[in-house]
Chemist: 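For reference, the structure I am asking about is given below.
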Amino acid sequence: MTTRVRFAPAPTGFLHVGSARSALFNWLYAQSTGGEMILRIEDTDAALRKPEFIDAIVKPLQTLGITWDEGPYYQSQRKQFHVDAVEQLVASGNAYFCNLTRDEADALAKEAGLPGGYHGWSRDKGIEDGPDCVVRFRTPDEGEIVIDDVIRGEVRFNTAELEDFVIRRSDGSPTFLVANAVDDADMSISHVIRGEDLLNTTPKVMLLWDALDLGEKPTYAHLPLLVNEQRKKLSKRRDDVSLMDFLSKGYLPEAMVNHLALLGWGPPDEKEIRPISEIIELFKLENVNKGSAFFDVTKLNHINGEYIRALPVETFIEMAEPFVYGVDTEITWDKDNYKPEVFEMVAGDVQQRVSTFSEIPHFISWLFTDAVEYDTESKGWNKGLRKAKKAPEILDGIAEAFADVQWTGEAMNAAVSEVGDRLEVRSQVPARIAITGTNAGIPLWDAAATLDRDVVLRRLAAARALL
RNA sequence: GCCCCCAUCGUCCAGCGGCCUAGGACGCCUGCCUUUCACGCAGGUAACACGGGUUCGAAUCCCGUUGGGGGUGCCA
């Protein structure tokens with residue numbers, strides 16, 4: 001039997017990293033078992049039926065290289081099957097109509113001194129269907145549902161503790177629980193791989209599955225949650241988790257996928273950064289962890305840096321385009337001042353130093369602006385220039401030498417070293433700070449030679465004035 | 001409250017009863033390389049939550065405690 005998995009997101013906006021991880025693990029499992037993957041949009045709630053949200057899911061998946069064999073299917077388009085299932089459940093006595101609002105049910109429970117949840121007040125009341133009626137599933141008063149989870153082992157639920165949950169809203173639309181059971185059966189899903197936050201809904205789906213007589217159930221695997229620094233489930237509201245945002249900030253899809261694969265799973269040989277083909281080969285669903293994992297951007301940065309450095313420099317230059325022309329990110333220079341040939345010259349040096357593409361401007365902005373800003377509060381400025389021995393003399397000496405030095409990197413470098421030798425101090429760092437504004441950066445002189453002589457002289461004077 | 005899940009360095013992962021004086025990676029620190037920074041290289045820092053069992057032997061199995069998380073919607 002070929003394995004068939006599905007990624008079934010609710011279209012509630014942009015795809016976030018947690019969903020992407022779920023999609024990825026489904027995909028990894030399908031790939032590693034030679035199975036098939038289905039994309040199914042869970043839009044049973046009318047409020048979710050927005051076409052722009054579909055793009056927000058499909059596009060990032062494609063960018064990440066997560067492919068599917070069928071779909072996207074839309075649950076909204078399969079509504080009739082779900083409606084039929086609800087009718088069947090009512091006819092068989094497994095479900096009944098209920099006209100209580102949530103508030104009324106809560107009030108009744110409070111009055112009766114019962115804990116939260118719905119206690120089956122409308123059971124056996126013979127309520128007829130009407131405009132304000134929902135359909136509820138009659139959960140068994142006794143018995144146990146056992147989920148044999150690939151990742152967690154056996155998980156047991158006492159059916160008496162399951163409330164009579166709603167399977168059809170008062171507007172006539174069936175809920176995702178019904179859609180889940182019916183669609184997973186129709187689509188011959190063999191493995192349901194999803195986040196642990198859905199674990200509690202699984203016994204309900206299984207109850208429906210049996211009541212609907214849908215045949216063999218899929219195998220379940222509940223992935224550990226991705227959490228933030230406070231160890232709370234990643235949420236769109238409070239966390240920065242839009243996948244597309246990461247991509248447009250200059251994270252490579254391959255690096256993102258690699259990082260995501262390492263959250264909740266690890267290769268037995270401990271080699272973390274590796275091509276997706278190897279990850280597929282090594283991936284075992286039963287080896288996935290149970291504990292939640294912190295989505296650590298610091299580690300992502302490292303992985304991304306590794307991937308960037310591995311790029312051919314021509315590719316790096318090509319991919320850097322949006323970031324040097326300010327398409328998606330801010331640039332600090334006037335677009336007319338940008339010189340592509342200068343960037344191409346230093347690209348290899350920049351490539352070695354960035355962990356995301358969005359850091360590129362930081363390393364090259366001094367090449368495309370007239371004046372640089374000096375952060376006189378920074379450690380670099382203070383340690384490298386202000387407190388440097390004979391700093392004023394160094395800058396004066398360089399300015400003097402630069403007035404008529406041959407304008408090549410080699411000659412400039414030599415002149416600066418000569419000033420340092422004469423004063424018996426280190427002159428390179430002070431020069432760098434005066435010219436670029438910072439003590440850290442790409443090899444200086446060949447790049448600096450692309451600037452006009454008077455621009456450099458002005459910067460030397462400006463820095464000198466701040467001492 | 002009730003139900004469910006989880007628990008190895010700060011973080012991610014390895015470990016599936018003896019190979020563990022617990023390994024790798026990120027981070028952090030030190031040194032080397034270097035006219036800066038980074039890369040690279042060589043080191044260092046740092047964990048089996050606690051308490052009971054089981055066993056000749058437990059990070060690994062069982063129970064409890066504590067801690068964390070998820071769910072508890074006419075969202076999915």
Side-chain angles (χ1 to χ4, degrees), chain A residues 8-12 19 42-45 47-48 75 98 100-102 105 114-118 132-136 147 149 151-153 155-158 160-163 165-177 179-180 194-203 222 224-225 227 229-233 259 261-273 286-287 289-303 305-306 309 349-355 363 380 384 413 416-417 420 426-433 436 438-445:
Chain A
T12 55
S19 311
E42 309 239 310
D43 57 352
T44 63
D45 189 6
L48 300 179
Q75 287 195 322
C98 169
L100 291 179
T101 64
R102 181 77 241 170
L114 293 166
Y118 174 80
D132 293 320
C133 274
V134 300
V135 177
R136 290 182 181 273
I147 301 165
D149 192 283
I151 295 169
R152 279 153 221 288
V155 183
R156 292 162 187 280
F157 293 88
N158 189 337
E161 281 157 359
L162 263 23
E163 76 278 8
F165 53 91
V166 172
I167 59 175
R168 193 211 69 185
R169 306 182 185 89
S170 55
D171 68 1
S173 64
T175 62
F176 92 106
L177 295 162
N180 242 264
R194 24 119 91 142
E196 193 199 338
D197 49 347
L198 273 331
L199 184 52
N200 289 305
T201 70
T202 307
H222 287 92
L225 256 23
V227 298
E229 212 148 10
Q230 287 75 241
R231 308 233 47 110
K232 305 261 192 229
K233 180 168 84 156
H259 180 238
L262 262 15
L263 262 25
W265 175 83
D269 61 7
E270 304 192 327
K271 185 184 163 198
E272 296 190 323
I273 298 178
E286 58 270 30
N287 286 350
N289 289 159
K290 299 184 232 235
S292 52
F294 170 49
F295 184 80
D296 189 357
V297 178
T298 307
K299 179 131 185 183
L300 208 211
N301 285 339
H302 171 258
I303 294 174
E306 295 269 327
R309 268 173 254 125
D349 293 323
V350 174
Q351 183 181 7
Q352 296 305 115
R353 288 167 174 76
V354 295
S355 60
F363 283 94
N413 183 15
V416 168
S417 289
R426 286 162 62 91
S427 56
Q428 291 284 345
V429 171
R432 171 182 292 277
I433 294 172
T436 71
T438 161
N439 65 315
I442 56 175
L444 184 59
W445 296 114

Chemist: Heavy atoms under 4.0 Å, any strand shown: does A/Thr298 hit a base, just sugar-phosphate, or nothing?
Modeler: sugar-phosphate
Chemist: Applying a 4.0 Å non-hydrogen cut-off, can you work out what A/Asn287 is touching in the nucleic acid: base, sugar-phosphate, or nothing?
Modeler: base
Chemist: Under 4.0 Å between any heavy atoms, over every strand shown, what does A/Arg432 touch: base, sugar-phosphate, or nothing? Just pick one.
Modeler: base
Chemist: Can you tell me the distance, in whole Å, between the NE2 atom of A/His222 and the P atom of B/rG71?
Modeler: 13 Å
Chemist: Could you measure between the two P atoms, the one in B/rA25 and the one in B/rG44, and give it in whole Å?
Modeler: 12 Å
Chemist: Atom CD of A/Glu196 to atom P of B/rA7: distance rounded to whole Å?
Modeler: 10 Å
Chemist: Below 3.5 Å between N/O atoms, which protein atoms pair up with nucleotides 23-25 of chain B? Just atom names and distances, please.
Modeler:
unit_1	atom_1	unit_2	atom_2	d
B/rG23	N2	A/Glu270	OE2	2.7
B/rG23	N3	A/Glu270	OE2	3.0
B/rG24	O4'	A/Glu270	OE1	2.9
B/rG24	N2	A/Glu272	OE2	2.7
B/rA25	O2'	A/Glu272	OE1	2.7
B/rA25	N3	A/Lys299	NZ	3.2

Chemist: So what does A/Gly264 hit on the nucleic acid, given a heavy-atom distance under 4.0 Å: a base, only sugar-phosphate, or nothing?
Modeler: sugar-phosphate
Chemist: Under 4.0 Å, counting only non-hydrogen atoms across every strand here, what does A/Gly441 touch: a base, just sugar-phosphate, or nothing?
Modeler: base
Chemist: Give me the distance, rounded to whole Å, that separates B/rU65 from B/rG31 when you measure between the C1' atoms they each carry.
Modeler: 46 Å
Chemist: Would you mind classifying the nucleic acid contact of A/Phe176 as base, sugar-phosphate or nothing, using non-hydrogen atoms under 4.0 angstrom?
Modeler: base
Chemist: side-chain contact (heavy atoms from CB on, under 4.5 Å), that's the test. Do A/Arg136 and A/Leu100 meet it? Break it down for me.
Modeler: CA-CA 11 Å; A/Arg136 290 182 181 273; A/Leu100 291 179; 5.7 Å; no
Chemist: Looking at every strand, decide which applies to A/Pro443 at a 4.0 Å heavy-atom threshold: base, sugar-phosphate, or nothing.
Modeler: base
Chemist: Give none if B/rA59 has no partner; otherwise give the nucleotide forming a Watson-Crick or G-U wobble pair with it, both distances under 3.5 Å.
Modeler: none
Chemist: Look at all strands and tell whether A/Val134 reaches a base, only sugar-phosphate, or nothing, counting heavy atoms closer than 4.0 Å.
Modeler: base
Chemist: Which residues pass the salt bridge (charged side-chain N to carboxylate O under 4.0 Å, His left out) test with A/Arg309, not counting sequence neighbours?
Modeler: A/Glu306
Chemist: Could you work out the separation of B/rC9 and B/rU45 based on their C1' atoms and round it to a whole Å?
Modeler: 10 Å
Chemist: Looking at every strand, decide which applies to A/Thr438 at a 4.0 Å heavy-atom threshold: base, sugar-phosphate, or nothing.
Modeler: nothing
Chemist: Nearest to the side chain of A/Val155 - B/rC12, B/rC4, B/rC37?
Modeler: B/rC4
Chemist: Tell me whether the side-chain N or O atoms of A/Arg353 pair up with the base of B/rC37 as donor and acceptor below 3.5 Å, since no angle test is needed here.
Modeler: yes
Chemist: Map A/Ile442 and A/Trp265 onto RNA chain B by nearest heavy atom, then report which one ends up closer to the 5' terminus.
Modeler: A/Trp265
Chemist: Which part of the nucleic acid, if any, lies within reach of A/Phe157 when heavy atoms closer than 4.0 Å are counted: base, sugar-phosphate only, or nothing?
Modeler: sugar-phosphate
Chemist: Can a donor-acceptor pair be found, under 3.5 Å and without considering hydrogens, that links the side chain of A/Thr44 to the backbone of A/Thr175?
Modeler: no
Chemist: Take the protein atom CG of A/Asn200 and the nucleotide atom P of B/rC2, then report the distance between them rounded to whole Å.
Modeler: 15 Å
Chemist: Base, sugar-phosphate, or nothing for A/Arg309, non-hydrogen atoms under 4.0 angstrom?
Modeler: sugar-phosphate
Chemist: Please name the nucleotide paired to B/rG64 by Watson-Crick or G-U wobble geometry with both distances under 3.5 Å, or report none.
Modeler: B/rC50
Chemist: Between A/Glu163 (CD) and B/rG1 (P), how many Å, whole number?
Modeler: 19 Å
Chemist: Counting only side-chain heavy atoms from C-beta out, which of B/rC74, B/rA14, B/rA76 sits nearest to A/Asn289?
Modeler: B/rA14
Chemist: With P as the reference atom in both, quote the distance from B/rU54 to B/rC6 in angstrom, rounded to an integer.
Modeler: 25 Å
Chemist: Rounded off to whole Å, could you give me the CG-to-C1' distance for the A/Leu444 and B/rC37 pair?
Modeler: 11 Å
Chemist: Could you tell me the Watson-Crick or G-U partner of B/rA25, where both distances fall under 3.5 Å? Say none if there is no partner.
Modeler: B/rU11
Chemist: Nearest 0.5 angstrom please: A/Ile273 CD1 to A/His302 NE2, how far?
Modeler: 5.0 Å
Chemist: Please enumerate all residues that pass salt bridge (charged side-chain N to carboxylate O under 4.0 Å, His left out) together with A/Lys232, with sequence neighbours excluded.
Modeler: none
Chemist: Phosphate oxygens OP1/OP2 of B/rC12: is one of them under 4.0 Å from a side-chain N or O of A/Arg231?
Modeler: yes
Chemist: How far does CG of A/Leu199 sit from CZ of A/Arg194, to the nearest 0.5 angstrom?
Modeler: 8.5 Å
Chemist: With both distances under 3.5 Å as the test, what is the Watson-Crick or G-U wobble partner of B/rC2?
Modeler: B/rG71
Chemist: Rounded to whole angstrom, note down the C1' distance from B/rC63 over to B/rA46.
Modeler: 31 Å
Chemist: Mark yes or no for whether A/Asp296, through its side chain, and A/Thr298, through its backbone, hold a donor-acceptor pair below 3.5 Å.
Modeler: yes
Chemist: Just how far, in rounded Å, is C1' of B/rA76 from CG of A/Leu199?
Modeler: 15 Å
Chemist: What is the nucleic acid contact for A/Glu306, judged by heavy atoms within less than 4.0 Å: base, sugar-phosphate only, or nothing?
Modeler: sugar-phosphate
Chemist: Think A/Asn413 has a side-chain N or O under 4.0 angstrom from the OP1 or OP2 of B/rU35?
Modeler: no
Chemist: Rounded to whole angstrom, note down the P distance from B/rC61 over to B/rC5.
Modeler: 16 Å
Chemist: Does A/Arg353 make a cation-pi contact with A/Phe363 (under 6.0 Å, within 45 degrees of the axis)?
Modeler: no
Chemist: Taking atom P of B/rG71 as reference, at what distance in whole Å does atom NZ of A/Lys232 sit?
Modeler: 11 Å
Chemist: Measure from NZ on A/Lys233 to P on B/rC5 and round the result to the nearest Å.
Modeler: 17 Å
Chemist: If pairing requires Watson-Crick or G-U wobble contacts with both distances under 3.5 Å, which nucleotide is the partner of B/rC41?
Modeler: B/rG31
Chemist: Please compare A/Ser292 and A/Gln75 by the position of their nearest nucleotide in RNA chain B and report the one closer to 5'.
Modeler: A/Ser292
Chemist: What nucleic acid atoms does A/Asp296 come within less than 4.0 Å of, heavy atoms only: base, sugar-phosphate, or nothing?
Modeler: sugar-phosphate
Chemist: side-chain contact (heavy atoms from CB on, under 4.5 Å), that's the test. Do A/Phe157 and A/Thr202 meet it? Break it down for me.
Modeler: CA-CA 10 Å; A/Phe157 293 88; A/Thr202 307; 5.7 Å; no
Chemist: Check whether any side-chain N or O of A/Asn301 sits under 3.5 Å from a backbone N or O of A/Ser355 as a donor-acceptor pair, and report yes or no.
Modeler: no
Chemist: Would you sort out whether A/Gln75 and A/Asn180 count as a side-chain hydrogen bond (donor to acceptor under 3.5 Å, both in side chains), showing the intermediate values?
Modeler: CA-CA 9 Å; A/Gln75 287 195 322; A/Asn180 242 264; 5.4 Å; no
